[in-house]
Amino acid sequence: MTKIGVVTFPGSLDDRDALRAVRLAGAEGVALWHADHDLQGVDAVVLPGGFSYGDYLRCGAIAAISPIMTEVKAAAAKGLPVLGICNGFQVLVEAGMLPGGLIRNDHGNFFCRDQKLRVESTSTAWTNEFEQGEEIVIPLKNGEGGYIATEETLDRLEGEGLVAFRYLEVNPNGSLRDIAGLRNEMGNVVGLMPHPEHATEPGFGPDTDAAMRSGTDGLRFFRSVLNSLAVA
Amino acid sequence: MPTIVVEVMPKQELLDPQGKAVAAAIARKGISGVSAVQVGKRFEIITEGPVTAELLESVKALAEDFLSNAVIEDVVSIEVVE
């Protein structure tokens, strides 16, 4: 069975939800520990949401140089699929695995809502189950989710098709060009502020037109990685 | 103890929501004449002995690649105080 690791840092909150999402998608979830140098032979890694190291210094900055991240970075360079969710996205950015930075929301408030997104890139390990331009809804909850980068970097991201997700209807945090998530050139590393792992099981996801809390758009992130691993 | 003081500030051109919130609170305290506030960070790095040129170079590199994030912040000063 495909093994997907979820890293727990001190202050991670959504690691268990991510492990559950992995199991719901049909993979074996493996708990990984920030202080280890051991990826335990996993086929993919999820960096979960939360407040690693209490958000000290900058969100994700200390986690980015933790022992496990040395291994994650090296393995990602060779193609290991890595998904960073919320704080995990911040870790990827601080580790230099995705460009730019994430700063406090422009309105200064923590924001929690079911967020509509447009899938801008489907040729990645984590988004191949979506249609290009498809609109999905998954929960979003952050205080420091404002994506920023230089104009030059933003133009390059757009030009090379590296924007993976864009906020629709509401830009919840002042992110430049409505960027909600990015991918790397190889397509194995994806990071986003909203939370796919919270929309993986009927009864616990966002409301849909069909029924309350029935949204499971997030499950397809985890199914996508299984597809990409099956092909590889 | 010798101390290396590193100061980091959010980039001028970026929105500083924390500074804005503090500025608004200052206005609520009835103090007028304040046009803006910027909130940054000061690191005091206390050394085991005298600050060598080598250590200072290491701290300068550290300030650029770990204590600050060049995308969102600037290192505004690095100085040694006794």
Side-chain angles (χ1 to χ4, degrees), chain A residues 52-66 69-70 73 87 89-111 142-157 162 171-177 179 182 191 193, chain B residues 3-31 34-47 54-80:
Chain A
S52 57
Y53 298 87
D55 277 352
Y56 291 170
L57 191 58
R58 294 176 305 279
C59 302
I62 298 180
I65 59 161
S66 62
M69 281 307 294
T70 314
K73 227 173 146 170
N87 188 226
F89 183 24
Q90 295 166 334
V91 173
L92 288 175
V93 165
E94 282 287 345
M97 293 168 69
L98 291 172
L102 291 147
I103 59 169
R104 200 173 294 257
N105 297 348
D106 57 352
H107 46 71
N109 297 319
F110 192 97
F111 217 38
N142 67 64
E144 304 201 25
Y147 182 76
I148 59 158
T150 60
E151 278 300 304
E152 193 189 344
T153 302
L154 291 168
D155 289 342
R156 181 177 69 81
L157 289 170
L162 300 179
N171 180 334
N173 44 33
S175 289
L176 298 178
R177 309 216 186 161
I179 290 173
L182 297 175
M193 286 312 294
Chain B
T3 303
I4 306 170
V5 178
V6 178
E7 288 182 332
V8 174
M9 294 299 291
K11 280 195 188 297
Q12 291 277 351
E13 63 270 25
L14 290 180
L15 202 68
D16 175 9
Q18 194 175 192
K20 249 171 64 182
V22 173
I26 288 172
R28 280 199 301 278
K29 286 176 76 67
I31 295 163
V34 173
S35 69
V37 175
Q38 288 202 309
V39 182
K41 293 181 189 135
R42 173 187 165 99
F43 300 87
E44 297 190 351
I45 300 168
I46 297 143
T47 62
E54 193 190 354
L55 179 59
L56 192 56
E57 278 311 305
S58 307
V59 169
K60 279 182 183 166
L62 191 72
E64 292 296 338
D65 75 12
F66 181 60
L67 299 181
S68 71
N69 175 345
V71 178
I72 57 180
E73 297 164 319
D74 292 317
V75 178
V76 293
S77 76
I78 300 177
E79 61 171 334
V80 180

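So that the names make sense, note that chain A is the first sequence line, chain B the second, and so on, each numbered from 1.
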So which donor and acceptor atoms of chain A and chain B come within less than 3.5 Å of each other?
| from | atom 1 | to | atom 2 | distance (Å) |
| --- | --- | --- | --- | --- |
| A:Leu57 | O | B:Lys41 | NZ | 2.5 |
| A:Arg58 | NH1 | B:Phe66 | O | 3.0 |
| A:Arg58 | NH1 | B:Leu67 | O | 3.1 |
| A:Arg58 | NH2 | B:Phe66 | O | 2.8 |
| A:Glu94 | OE2 | B:Asn69 | ND2 | 3.2 |

>> If you compare all heavy atoms of A:Ile148 against all heavy atoms of B:Ile72, which two are closest, and at what distance to 0.1 Å?
In response: CD1-CG2, 2.8 Å
> Side chain, backbone, both or neither: which part of B:Phe66 has a non-hydrogen atom closer than 4.5 Å to chain A?
Replying inline: both
> Highest number of heavy-atom pairs under 4.5 Å with chain B: which of A:Gly174, A:Gly100, A:Ala149, A:Ala64?
Replying inline: A:Gly100
> With B:Val34, which residues qualify under side chain to side chain contact (heavy atoms under 4.5 Å, CB included), at least two apart?
Replying inline: B:Ile26, B:Ile31, B:Val37
> Quick one: side chain to side chain contact (heavy atoms under 4.5 Å, CB included) partners of A:Leu98, sequence neighbours excluded?
Replying inline: A:Phe89, A:Leu92, A:Val93, A:Leu182, A:Asn184, A:Val189
>> Less than 4.5 Å to any heavy atom of chain B: does that hold for the side chain of A:Ile103, its backbone, both, or neither?
In response: side chain
